[in-house]
**Q** 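Dropping a structure here in structure tokens format, bear with me for questions.
All ligand and atom numbering here is 1-based and tracks the order in the structure.
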Amino acid sequence: MSWTLDVDRGRQTWRYTEDKDHKPTDVDVHLLNLKAPGTTCPKGCNMTPAKSPQEAITKAFQYFSAVQTEDGHWAGDYGGPMFLLPGLVITCYVTGYSLPEAHCREIIRYMLNRQNPKDGGWGLHIEAHSDIFGTALQYVSLRILGLPAAHPGVTRARDFLRANGGAVGIPSWGKFWLAVLNVYSWDGLNPIPIEFWLVPYAFPICPGRWWCHCRMVYLPMSYLYARRTTAAETPLIRELRQELYVTDYSTINWPAQKNSINKLDMYAPHSTLLKGINAALGVYEGVHSKWLRDKAIDFTFDHIRYEDEQTKYIDIGPVNKTLNMLCVWDREGQSPNFFKHADRLQDYLWLANDGMKMQGYNGSQLWDTAFTIQAFVETGIAGQFPDTMRLANHYLDISQVPDNSPNMNHYFRHISKGAWPFSTVDHGWPISDCTAEGVKAALSLRSLPFHIAPISIDRVAEGINVILSLQNKDGGWASYENKRGPNWLEKFNPSEVFQNIMIDYSYVECSAACIQAMCAFRSQAPNHPRIKEVNGSIERGVRFIKSIQRDNGSWLGSWGICFTYGTWFGVEGLVAAGEPLTSPHIVKACKFLLSKQRDDGGWGESFMSNVTKEYVHNDQSQIVNTGWALLTLMAAKYPQREPIERGIKFLISRQYPNGDFPQESIIGVFNFNCMISYSNYKNIFPLWALARYCNIYLQKANL
Ligand code: LAN
């Protein structure tokens with residue numbers, strides 16, 4: 001069974017989005033000639049706010065269906081991390097590729113808008129405290145983009161850097177980018193040994209066993225380190241060398257900087273084991289065999305080319321996107337393949353009120369669309385929006401991955417036929433829970449009373465096939481692949497700023513989504529030949545989820561903030577699998593959530609929950625956290641209506657008269673320490689919670 005596809009489907013070119021929180025700043029007024037914050041009435045303000053949950057649902061549905069894109073997905077700003085644009089700016093500088101001038105201006109505007117007003121620095125992400133990684137990288141980017149050293153924003157950033165010991169103590173990925181730019185010595189880096197790539201799969205340290213994101217970043221990094229690919233020394237480079245450090249550049253003892261990481265940046269210190277290995281690798285670097293190195297360079301470039309071709313030059317993420325582009329330039333100069341890369345840069349760029357940013361992925365198209373479909377179907381009024389539903393179904397249809405990658409094993413790729421990706425089919429990397437949400441959305445569309453040409457059960461079964469193949473021995477599901485290595489591999493984590501990057505672990509989110517998808521599948525296809533396996537898999541999954549519940553009843557989220565997110569998945573997974581609502585696991589989870597409800601009826605969690613792995617309240621209640629908490633309580637059929645009603649009132653009170661909701665604090669995360677924006681969540685989760693409320697407590701959502 002296979003189906004055809006065209007290229008470029010779901011591709012987002014950048015478009016201008018409104019960020020409600022962003023008031024024009026001095027930067028905007030100066031660069032864009034904007035008027036200071038206006039007093040005019042925003043669109044729709046003559047409309048009145050919703051007076052009932054049903055009306056709030058209708059408004060929310062109407063608003064969100066009006067902003068659906070032409071191919072059926074919901075586009076959104078997927079920014080947040082601050083270490084992505086600098087990779088692009090540096091790559092363009094080194095390779096001599098010019099971004100359009102308007103892009104450069106918007107990038108400058110973004111960086112200046114996101115500069116922390118308190119101290120003039122930048123952090124790991126838009127809401128983080130300033131550190132050296134963020135500040136030194138934005139600093140060099142702004143200078144490359146043409147701001148003079150005397151510009152007030154640049155001056156403040158330099159003051160911050162110098163007051164904190166200068167750029168010497170930047171974490172390893174920053175050391176790497178600065179070395180490429182020729183403003184940090186390669187001798188100041190711990191080796192990134194390319195020969196690792198020749199280690200056979202039988203050994204636990206083989207890169208083929210690492211988490212795919214870690215693998216795909218260290219692949220081009222080790223290539224560029226082996227080649228010592230470095231920018232030409234220009235007058236700007238010489239100036240930067242003097243601006244970034246507190247001592248004269250020529251006097252810096254570079255080898256002594258290998259392990260110097262500023263305390264502002266340190267999150268995941270090197271293990272003793274890694275320190276020892278790094279020391280040994282330092283010796284090896286002096287005596288390595290040229291023959292072996294050349295072999296490894298060819299081997300890695302072949303893998304880089306494969307990744308480029310399999311993803312149509314989008315690449316798995318924003319980090320290897322620019323690194324791979326640099327590798328292609330190193331090997332071939334401004335070749336046709338180099339321009340294929342350049343053409344796909346725009347997939348990552350997003351223009352919003354705060355300027356142009358590089359997103360954390362080429363978008364979250366499929367993910368947002370799959371959730372939106374499920375929320376819409378649950379409202380019970382989808383019949384009033386048949387075009388919206390048909391178009392959304394179309395997006396699901398065109399983004400299921402039709403085939404496996406060729407020669408999969410050699411390139412360490414898992415099967416992808418039948419999977420759904422996070423963004424687009426061109427990107428095409430399969431993900432366990434994206435497949436699960438795709439399956440759930442496809443199945444929920446099949447329940448609609450009107451004709452939408454839904455995805456066939458055979459194709460849904462291909463998704464189930466992927467899900468079954470991805471279950472780990474511990475009963476859980478990881479993100480893209482099976483868990484391929486032992487936990488102790490984490491001791492090799494060289495990143496200093498991220499945790500849990502070395503291997504793909506089982507997560508509550510991925511596991512619960514896969515369980516729900518299989519439960520939905522078995523109820524719609526009870527006689528499918530693989531149902532026995534599905535049953536067994538669900539059972540093992542449930543055991544896994546129970547085993548990682550915390551004593552206080554919560555689950556730690558890894559991809560959203562934080563315990564409200566994890567607990568939502570944990571409970572939905574158990575309930576879908578038929579866990580009795582009186583089970584201590586469910587009761588404890590509800591009790592946990594209720595203990596976090598606030599006086600205004602909402603829930604609000606800070607990203608510090610993820611960083612510290614203990615619940616930390618946000619300054620204010622958040623509509624998305626509130627949506628998750630309410631969905632959880634209602635999935636568990638929590639017997640008291642009062643706390644749920646208070647939460648629903650909070651949600652309605654936050655809705656704009658035009659049906660949209662405010663953009664609040666950042667809500668997504670990866671590797672515990674870096675946050676990422678999911679800007680459609682504000683439209684999806686409040687609506688979904690309102691829908692469930694109406695279904696349970698008010699017979700008909702239909703006005
Ligand atoms: C994502 C985005 C999607 C996300 C979900 C599907 C939501 C999650 O349930 C599983 C993990 C996954 C696929 C995920 C993993 C980490 C990603 C790829 C990201 C958060 C988007 C960006 C991030 C990536 C690692 C950023 C680049 C940084 C590095 C450390 C390489």
Side-chain angles (χ1 to χ4, degrees), residues 76 78-88 124-125 133 171-174 176 210-221 267-268 311 314-324 348 358-371 419-424 427-438 470 476-481 493-514 516-517 555 557-562 565-566 568-569 573 607 610 666-678 680-681 684:
Y78 197 50
M82 289 307 301
F83 57 94
L84 305 175
L85 267 178
L88 171 63
L124 193 56
H125 56 88
F133 193 26
S172 55
W173 289 19
F176 177 88
W210 301 354
W211 185 37
C212 56
H213 276 281
C214 183
R215 178 166 91 229
M216 298 322 281
V217 165
Y218 281 100
L219 173 72
M221 265 195 187
Y267 181 64
T311 60
I314 296 168
D315 295 329
I316 195 171
V319 180
N320 81 329
K321 166 67 191 170
T322 54
L323 290 171
N324 281 14
Y348 283 95
M358 188 166 192
Q359 303 189 100
Y361 219 76
N362 66 325
S364 50
Q365 294 88 319
L366 181 280
W367 185 248
D368 290 338
T369 304
F371 278 143
W420 271 277
F422 181 65
S423 53
T424 63
H427 180 293
W429 275 81
I431 301 175
S432 67
D433 56 353
C434 297
T435 306
E437 299 302 340
L470 281 171
W477 280 262
S479 62
Y480 291 74
E481 291 159 349
N493 176 356
S495 75
E496 300 112 6
V497 297
F498 306 117
Q499 253 181 32
N500 285 19
I501 62 165
M502 292 305 294
I503 53 172
D504 209 343
Y505 299 86
S506 290
Y507 295 102
V508 65
E509 296 98 318
C510 301
S511 307
C514 290
Q516 291 174 64
W555 280 269
S558 293
W559 311 108
I561 295 170
C562 174
Y565 188 66
W568 173 51
F569 277 100
F607 69 76
N610 300 84
I666 200 156
I667 202 70
V669 62
F670 54 91
N671 306 110
F672 295 103
N673 199 30
C674 191
M675 307 304 136
I676 187 158
S677 306
Y678 285 79
N680 287 322
Y681 280 11
I684 298 170

**Q** For F133, what residues pass the ring-ring contact (aromatic ring centres under 6.0 Å, His included) criterion, not counting sequence neighbours?
**A** F83
**Q** Are F498 and W173 close enough that their ring centres sit under 6.0 Å apart?
**A** yes
**Q** May I have every N or O pair linking ligand 1 to the protein at under 3.5 Å, one per line with atom names and distance?
**A**
unit_1: ligand 1; atom_1: 9 (O); unit_2: D433; atom_2: OD2; d: 2.3

**Q** Suppose we screen for side chain to side chain donor-acceptor pair (under 3.5 Å). Which residues come up paired with H125, at least two apart in sequence or across chains?
**A** none
**Q** Please verify the inter-ring angle class for H213 with W211; under 30° counts as parallel, over 60° as perpendicular, anything in between as tilted.
**A** tilted
**Q** With sequence neighbours excluded, what pairs up with S558 under the side chain to side chain contact (heavy atoms under 4.5 Å, CB included) test?
**A** Y507, E509, F672
**Q** Would you say the side-chain atoms of E496 and S172 include a donor-acceptor pair closer than 3.5 Å?
**A** yes
